[in-house]
A.B. asks: 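Below you'll find the structure I mean.
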Amino acid sequence: MATINDNYLKLKAGYLFPEIARRVNAFAQANADAKIIKLGIGDVTEPLPQACRTAMIQATEEMGVSETFKGYGPEQGYAWLREKIAHHDFQARGCEVDADEIFISDGSKCDTGNILEIFGNNNTIAVTDPVYPVYVDTNVMAGNTGDAKKNGEYEGLVYLPITAENNFTAEIPGEKVDLIYLCFPNNPTGATASKEDLQAWVDYAQANNSIIFFDAAYEAYITDSSIPHSIYEIEGARDCAIEFRSFSKNAGFTGTRCALTVVPKTLTAKAEDGSDVELWKLWNRRQSTKFNGVSYIVQRGAEAVYSQEGKEQIQQLVSFYLENAKIIREKLTAAGLQVHGGVNAPYVWVKTPNELSSWDFFDKLLNTCNVVGTPGSGFGAAGEGYFRISAFNSRKNVEEAMKRITEKFKV
Ligand SMILES: *Cc1c(COP(=O)(O)O)cnc(C)c1O
């Protein structure tokens, strides 16, 4: 008799986005002429940069000629792309990352989930609260947690609150944890980690032989020059950190798919017999066995991100979303709301007024302004009383949404 991976039964039904859709649909049906503006979803809206499109069109033409046709590429990604990344994203910032330590993939979502395959099942795992739900659900699937509790937290995971009380930095746990997920600039709060914050994490990880999973999906949004873009800007990080990066949010590749994971060759963890094993070897084995690479065409598109033209176009794209974030912050503040984030990140984290719950604020904003955001409680128990507004939208929609809030919303 075939049996299933019972861990999947522990997963809470994907509650957040279906529930948002349900409430929006019900409202739209009852109010047929309401023009609803969605500032809820973490997906980009603006077109792909010209430099990336030109490179992909050219690569497509190459695929149509037998002399330049490409079949399977290296499972780790083409060396010309990995070398550009090593140079521009890491070495230019003083980080010691070699092209060999970079693995190209079709997304950070899959990499942050798949990475668990090379780790044991007896690790203590810490996540921030609120959190990018992928980190939690992939641990549930892998059998690294117990059941869900009433408040939505899972038995067996260590939750590190990110709240106003700790100035939106995740506090270092008092206990010993083995794997730690950090995402800065943060989704959903838009918070950042300073060099000192990250140094404290690296020191903790070194003292406890822990591994940090550092998700830098939003590094392109950092405007404050004192904030590190990579964990490898921190001394000692090569001995305790894996970094995830993506072309999704800087170059608009959410639908094109290209990302990368850095596993330093100096990084080790313990085998059952007590020996130290290089994680690079395990991840290389994993990728070589289960993955056949990102398409040649898409990797050429990603390479164009590092051309002079590409760099300028990406800067324009990021600046466009950051200007949206600025408009959102200013208008919400003027409307009497307390806002966080949105300076070095495309997300604005709003404190709900008058102790409203995240969902009550959602309903109020939908009913009075026909604007949709994301309830903070959907990202974790500590997100209750907060609300995420995304800057990923057209200028016209952002301005119209903020105009409605300014005119109609009463705190
Ligand atoms: C958008 C996002 C990513 C990128 O995921 P891809 O699979 O590369 O598109 C990674 N981490 C976080 C927290 C994100 O919000």
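Because only heavy atoms are used, hydrogens play no part in the values below, and waters and symmetry mates are left out as well, while side chains stay in. Order of listing sets the numbers, starting from 1, for every ligand and every atom in it.
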A.B. asks: Can you pull out the closest protein heavy atom to atom 3 (C) of ligand 1? Residue, atom name and distance to 0.1 Å, please.
C.D. replies: K249 NZ, 3.5 Å

A.B. asks: Under a 3.5 Å cutoff, is there a donor and acceptor pairing between the side chains of S358 and E384?
C.D. replies: yes

A.B. asks: Ligand 1 versus S108, non-hydrogen atoms closer than 4.0 Å: side chain, backbone, both, neither?
C.D. replies: both

A.B. asks: Pairs of nitrogen or oxygen atoms closer than 3.5 Å, one from N187 and one from ligand 1: do any exist?
C.D. replies: yes

A.B. asks: Just to check, does C183 reach to within less than 4.0 Å of ligand 1 when the distance is taken from its heavy atoms?
C.D. replies: yes

A.B. asks: Indicate, as side chain, backbone, both or neither, the part of Y218 found under 4.0 angstrom from ligand 1 when only non-hydrogen atoms are considered.
C.D. replies: side chain

A.B. asks: Is there a polar contact, in the sense of an N or O pair closer than 3.5 Å, between Y347 and ligand 1?
C.D. replies: no

A.B. asks: Check each of E243, R238, R82 against E101 using the side-chain contact (heavy atoms from CB on, under 4.5 Å) test, and report the only one that passes.
C.D. replies: R238

A.B. asks: Could you tell me how the ring of F119 sits relative to the ring of F213: parallel (under 30°), tilted (30 to 60°) or perpendicular (over 60°)?
C.D. replies: perpendicular

A.B. asks: Assess whether a salt bridge exists between D98 and K265, defined as any Lys/Arg side-chain N lying under 4.0 Å from an Asp/Glu carboxylate O.
C.D. replies: no

A.B. asks: To which of V131, T256, D215 does the heavy atom nearest atom 13 (C) of ligand 1 belong?
C.D. replies: D215

A.B. asks: Is there at least one pair of N or O atoms, one from T254 and one from ligand 1, spaced under 3.5 Å apart?
C.D. replies: no

